[in-house]
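In what follows, a single structure is set out as structure tokens and then discussed.
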Amino acid sequence: MGLLSTITEVFEASTQSTNRGDITQNESEGAYWCHDCQERIRDVDVEGEGPPGCPSCGDEMEFERSKGTASCAC
């Protein structure tokens, strides 16, 4: 029973925290992507106006919203 109780404790500990970050100050509407390099930068992490350049290749990144069912750009 030691293994089963350890697994149970791990799952309980991972769901006990109610602190999921401050969403009100950090609401993301999507992310910038470089499809060639597979680089992703959240929109809230971009400084300045316009799309950023890819950190790997320097090309302009493309803004995309999440295609989730809740219309959330997570």
Side-chain angles (χ1 to χ4, degrees):
M1 288 297 227
L3 179 61
L4 183 58
S5 63
T6 301
I7 293 172
T8 303
E9 289 173 8
V10 168
F11 283 120
E12 287 174 353
S14 68
T15 59
Q16 286 179 355
S17 174
T18 58
N19 182 6
R20 303 287 186 227
D22 188 3
I23 299 173
T24 58
Q25 292 182 0
N26 215 7
E27 289 187 24
S28 175
E29 293 185 15
Y32 290 95
W33 288 87
C34 178
H35 296 283
D36 293 336
C37 300
Q38 300 299 310
E39 292 276 350
R40 174 184 178 264
I41 301 175
R42 290 179 53 214
D43 63 333
V44 294
D45 296 331
V46 174
E47 295 178 9
E49 296 293 320
C54 174
S56 297
C57 69
D59 287 347
E60 186 176 289
M61 299 177 85
E62 182 178 340
F63 183 76
E64 293 186 358
R65 292 186 54 84
S66 171
K67 295 182 176 34
T69 57
S71 67
C72 170
C74 303

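No hydrogens, no waters, no symmetry mates; every other heavy atom, side chains included, goes into these values. For reference, positions follow the sequence shown, starting with 1.
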Would you call [X] and [Y] a side-chain contact if the rule is heavy atoms closer than 4.5 Å?
{"X": "Glu64", "Y": "His35", "value": "yes"}
{"X": "Ile41", "Y": "Pro55", "value": "yes"}
{"X": "Ser56", "Y": "Cys34", "value": "no"}

- Query: Atom CG of Asp59 and atom CD of Glu39: how far apart are they, to the nearest 0.5 Å?
  - Reply: 11.5 Å

- Could you grab the distance from atom CE of Met61 to atom SG of Cys54, nearest 0.5 Å is fine? 5.0 Å

- Is there any ring-ring contact (aromatic ring centres under 6.0 Å, His included) pair reaching into residues 44-63, and which pairs are they, with sequence neighbours excluded? Tyr32-Phe63

- Query: Can you check whether Glu29's main-chain N or O pairs, donor with acceptor, with Asp43's side chain at less than 3.5 Å?
  - Reply: yes

